[in-house]
Amino acid sequence: KNQVEQSPQSLIILEGKNCTLQCNYTVSPFSNLRWYKQDTGRGPVSLTIMTFSENTKSNGRYTATLDADTKQSSLHITASQLSDSASYICVVRSSGGSYIPTFGRGTSLIVHP
Amino acid sequence: NAGVMQNPRHLVRRRGQEARLRCSPMKGHSHVYWYRQLPEEGLKFMVYLQKENIIDESGMPKERFSAEFPKEGPSILRIQQVVRGDSAAYFCASSPLLAGGRDEQFFGPGTRLTVL
């Protein structure tokens, strides 16, 4: 069964600090992995997409990593800002014919001033 | 190019009434997905549609729920005889034709359904 597990479930940090969110998946065969940011009361917005051959990808202060061997991904946020407070969702898509991606439950990040 | 549009943004219904949620995909997108999100929960897939076709409805309850994506007009998610457990945020996402699996799903702002 395809599954995506995220940790921690929630995280509170001070503004300016860095943090790392984790995503483990069992989706097979693997096609790609996306990290989404979901602000409260809004729909998710894609931050990065990683394919099998990509180890690291950055989008501003967001850096995603992928280890396809261990089936793990991380999202590192540098110099956090108040606007980073949101839920971060890891989504994995299989290349096995299903058009339906598998969603993690998300990590809720709160950045305090 | 407007994003995915959903309406209404908030919907209040009494038990037993019908709820009708609308989704207009991004221009040029022919694939629509519906998801449900309960408070403190992740997004749960409900149904995947293309124009005039239901491709995968494996996540949608067999009773009371239906979805359509007509040739003209928005996609509709219909919930008949709503119950309190249907209270949730319902998100629609659209994507263009598949391109090697890298197609991104663009999400709408969601419809928050409250059943009294």
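For clarity, every value in this text was computed on a predicted model and none was experimentally measured. As a basis for the values below, the full set of heavy atoms in this structure was taken, side chains included, without hydrogen atoms, waters or symmetry mates. All chains are named by letter (A, B, ...) in the order of the sequence lines, taking the proteins before the strands, and each is independently numbered beginning at 1.
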Rounded to the nearest 0.5 Å, how far apart are [atom1] of [X] and [atom2] of [Y]?
X: B/E104; Y: A/R93; atom1: CD; atom2: CZ; result: 10.5 Å
X: A/R34; Y: B/Q105; atom1: CZ; atom2: CD; result: 8.5 Å
X: A/I100; Y: B/Y33; atom1: CD1; atom2: OH; result: 6.0 Å
X: B/F107; Y: A/S46; atom1: CZ; atom2: OG; result: 9.5 Å
X: B/L43; Y: A/Q38; atom1: CG; atom2: CD; result: 5.5 Å

Hey, any chance [X] and [Y] share a hydrophobic cluster, counting ILVMFWY side chains that come within less than 4.5 Å of each other, even indirectly?
X: B/M60; Y: B/Y48; value: no
X: B/F91; Y: B/V115; value: no
X: A/Y62; Y: A/L33; value: yes
X: A/V91; Y: B/V47; value: no
X: A/Y36; Y: B/M46; value: no

Non-hydrogen atoms of chain A under 4.5 Å away: do they reach the side chain of B/Q6, the backbone, both or neither?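 Neither; nothing under 4.5 Å.
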
Please flag which part of B/F106 lies under 4.5 Å from any non-hydrogen atom of chain A: side chain, backbone, both or neither. neither

Is it the backbone or the side chain of A/Q9 that comes under 4.5 Å from a heavy atom of chain B, or both, or neither? neither

So with a 6.0 Å cut-off around [atom1] of [X], is the heavy-atom count from everything else above 12?
X: B/R15; atom1: CZ; value: no
X: A/K17; atom1: NZ; value: no
X: B/Q81; atom1: CD; value: no

Do you know which of A/S108, A/G104, A/G41, A/S87 has the most heavy-atom pairs under 4.5 Å to chain B?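 Looking at each of A/S108, A/G104, A/G41, A/S87 in turn, A/G41 comes out on top.
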
Between A/R42 and B/G108 (side chain of the first, backbone of the second, donor and acceptor by atom type, cut-off under 3.5 Å), is there such a pair?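 No, the answer is negative, given that no donor and acceptor are paired below the 3.5 Å cut-off.
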
Kindly say whether the aromatic ring centers of A/F103 and B/Y35 come within a distance under 6.0 Å.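 Yes - the distance between ring centres of A/F103 and B/Y35 falls below the 6.0 Å cut-off.
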
